[in-house]
Peer 1: 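Quick one: this structure, given as structure tokens, is what I'll be asking you about.
Remember, it's 1-based here, ligands and their atoms both numbered in the order they're listed. Please read all numbers here as calculations on a predicted model, not as lab measurements.
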Amino acid sequence: MDTKILTRNLHVPDLQEIGVYESLGGYRALARALKELSPDEIIETVKKSGLRGRGGAGFPTGLKWGFVPKNSGRPVYLCVNSDESEPGTFKDRLILEQDPHQLIEGTILSAYALGCRLAFLYIRGEYVRPAEIVERAIAQARDRGYLGKNILGSGFDLDIVVHRGAGAYICGEETALLESLEGRRGHPRLKPPFPASVGLYGSPTVINNVETLANIPHIVNNGADWYASIGVPGNAGTRLFGVSGHVVRRGVYELPMGTPLRELLVDHCGGVRPGRRLKAIVPGGSSTPVLTADQVDVRLDFDSIARAGSMLGSAGVIVMDDSTCMVKAALRISRFYAEESCGQCTQCREGTEWLHRILHRIEGGRGRQGDLELLLDLCANMKGRTICPLSDAAAMPIESYVQKFHAEFDAHIREQRCVIRDAPPVAT
Ligand SMILES: Cc1cc2nc3c(=O)[nH]c(=O)nc-3n(C[C@H](O)[C@H](O)[C@H](O)COP(=O)(O)O)c2cc1C
């Protein structure tokens, strides 16, 4: 079975052009659905397919859509989360740049299912080229009658507005994204109420990740059973893994959910650099707890990675070999979250800053006895207590680095220097 779904056409030249996309069967799912399927039938199909959100949390997509109240008298909005701001994550960019019509068709189908007549595509400010490509593709879709009034004579109206963010990580969090869209600072909102009932402009709103929505045309075309048959039970479909760091071939790899991590790293990425040994793997973006080399046989799906003590998150896989100083890696991550905390919650605003400060002194050879206990205590106080999970996202990796590489952190403090940087490479 060919397990490439989202990337199967990426080798085709000029795929960004609507004519090329159509010649490969593009927009056929939309034409059929508008004629033959009711919105509820699409929601049922997506529920049955087992599709889970690709933005991070893995929430079942059909279930989320089912939370939108019917006939509330308020407009329903759909927001395409193209913020892609988690360090180590670059898979949505591939779709935005190379196959934008796949995403647009998925967005139109999803909007039809949700009774939405205005969708927003929120894209990070740094994605200048992807934003231009998507804007052009939306204009092409409008010219062809896939967007606008009375789409393909169905009576269904929809437009998509592209909104460029200003470069804040927090605006990828769904409620901060809504604040930003409304023209305010990206400060997350307290939940409940959840966006499905009170979202953009106080109306029912669904927020979905780019990769999630790009799957929809394929599910409508091939059916729920086909999609559910790919991957492993409870984790249907494929996943786009963005692999960076110390492997021979970095890049985005589409593989069925449940593929062993070792297969991704060795068969697809060519293993770690010659003469080096695998040391650690971040499985789902920088906020997810780190895995050690002896966990390389874990399967890459939401549930298996959770059982291994981490999260599949955004599937941004960061590979570190034995040349990596884990103190320095933790320091770099802590700096990012300290800079990106929105500052609303004390635990996050102060905690991220303290983590960074303590790691900075350990890395600089000025660590103190008790610093590791202090770091772990801080992490424990940062989790589960804030408006949004950025505080958890900052604490979880640091906690895992300190716990799993305790001896290395301890040696940095005892010897007041980096014990890794000067070590000779070990042949594999
Ligand atoms: C701090 C933070 C940053 C996030 N950044 C992103 C992001 O860049 N892109 C994304 O799709 N989801 C991001 N999320 C998850 C979104 O809040 C939301 O769960 C997701 O867009 C829902 O889409 P899905 O159900 O299709 O996964 C982030 C969450 C948090 C807490």
Peer 1: What are the atoms of ligand 1, with element, lying closer than 4.0 Å to any heavy atom of Glu174?
Peer 2: 16 (C), 17 (O), 18 (C), 19 (O)

Peer 1: For ligand 1, which atoms sit closer than 4.0 Å to a heavy atom of Gly53?
Peer 2: 24 (P), 25 (O), 26 (O), 27 (O)

Peer 1: Using a plain distance cutoff, I'd like to know if Glu86 has any nitrogen or oxygen under 3.5 Å from a nitrogen or oxygen of ligand 1.
Peer 2: no

Peer 1: Among Glu182, Glu174, Glu173, find the one that has a salt bridge (Lys or Arg N to Asp or Glu O under 4.0 Å) with Arg189.
Peer 2: Glu182

Peer 1: Just jot down the ligand 1 atoms closer than 4.0 angstrom to any heavy atom of Glu84, in number order.
Peer 2: 7 (C), 8 (O), 9 (N)

Peer 1: Identify, by atom number and element, the atoms of ligand 1 in contact range of Asn209, meaning under 4.0 Å from any of its heavy atoms.
Peer 2: 10 (C), 11 (O), 23 (O), 24 (P), 26 (O)

Peer 1: Taking the six-membered ring for Trp, is the centroid-to-centroid distance between His218 and Tyr227 below 6.0 Å?
Peer 2: no

Peer 1: By number and element, which atoms of ligand 1 are closer than 4.0 Å to a non-hydrogen atom of Ile207?
Peer 2: 21 (O), 22 (C), 23 (O)

Peer 1: Heavy-atom distances under 4.0 Å decide this one: backbone, side chain, both or neither, for Ala57 against ligand 1?
Peer 2: neither

Peer 1: Hey, does Ile420 have a side-chain heavy atom less than 4.5 Å from the side chain of Thr324?
Peer 2: no

Peer 1: Please identify which atoms of ligand 1 are closer than 4.0 Å to at least one heavy atom of Thr212.
Peer 2: 24 (P), 26 (O)

Peer 1: If you define the side chain from C-beta out and look only at heavy atoms, does anything of Thr7 sit under 4.5 Å from Leu10?
Peer 2: yes

Peer 1: Of Asp157, Ile108, Thr107, which is the lone residue that meets side chain to side chain contact (heavy atoms under 4.5 Å, CB included) with Leu147?
Peer 2: Ile108

Peer 1: Parallel, tilted or perpendicular, judged at 30° and 60°: which one describes the rings of Phe67 and Phe59?
Peer 2: tilted

Peer 1: Work out whether the distance between some heavy atom of Ala393 and some atom of ligand 1 is less than 4.0 Å.
Peer 2: no

Peer 1: Report yes or no: is the cationic atom of Arg93 (NZ for Lys, CZ for Arg) under 6.0 Å from the centre of the six-membered ring of Tyr127, at an angle within 45° of the ring normal?
Peer 2: yes

Peer 1: Could you tell me whether Arg52 and Asp301 make a salt bridge, using a distance below 4.0 angstrom between a side-chain N and a carboxylate O?
Peer 2: no

Peer 1: For ligand 1, is there an N or O atom under 3.5 Å from any N or O atom of Ser85?
Peer 2: yes

Peer 1: In the protein, which heavy atom is nearest to atom 29 (C) of ligand 1, and how far is it?
Peer 2: Glu173 CA, 3.8 Å

Peer 1: Identify, for atom 10 (C) of ligand 1, the protein heavy atom at the shortest distance, and state residue, atom and that distance.
Peer 2: Asn81 ND2, 3.2 Å

Peer 1: Number the atoms of ligand 1 from 1 as they appear, then name those within less than 4.0 Å of a heavy atom of Lys64, with their elements.
Peer 2: 22 (C), 23 (O), 24 (P), 25 (O)

Peer 1: Under 30°, 30 to 60°, or over 60°: which ring-plane class applies to Phe336 and Tyr169, parallel, tilted or perpendicular?
Peer 2: perpendicular

Peer 1: Answer yes or no: is there an ion pair linking Arg262 with Asp297, defined by an N-O contact shorter than 4.0 Å?
Peer 2: yes

Peer 1: Of the protein's non-hydrogen atoms, which lies at the shortest distance from atom 27 (O) of ligand 1, and what is that distance?
Peer 2: Gly55 N, 2.8 Å

Peer 1: Who's closest to atom 13 (C) of ligand 1 heavy-atom-wise, of Cys79, Gly172, Pro188, Gly165?
Peer 2: Gly172

Peer 1: So is Cys388 close enough to ligand 1, meaning a heavy atom under 4.0 angstrom away?
Peer 2: no

Peer 1: Heavy-atom contacts with Pro389 under 4.0 Å: which atoms of ligand 1 show up? List them by number with element.
Peer 2: 31 (C)

Peer 1: Let me know which of Leu213, Asn209, Asn208 forms a side chain to side chain contact (heavy atoms under 4.5 Å, CB included) with Glu211.
Peer 2: Asn209

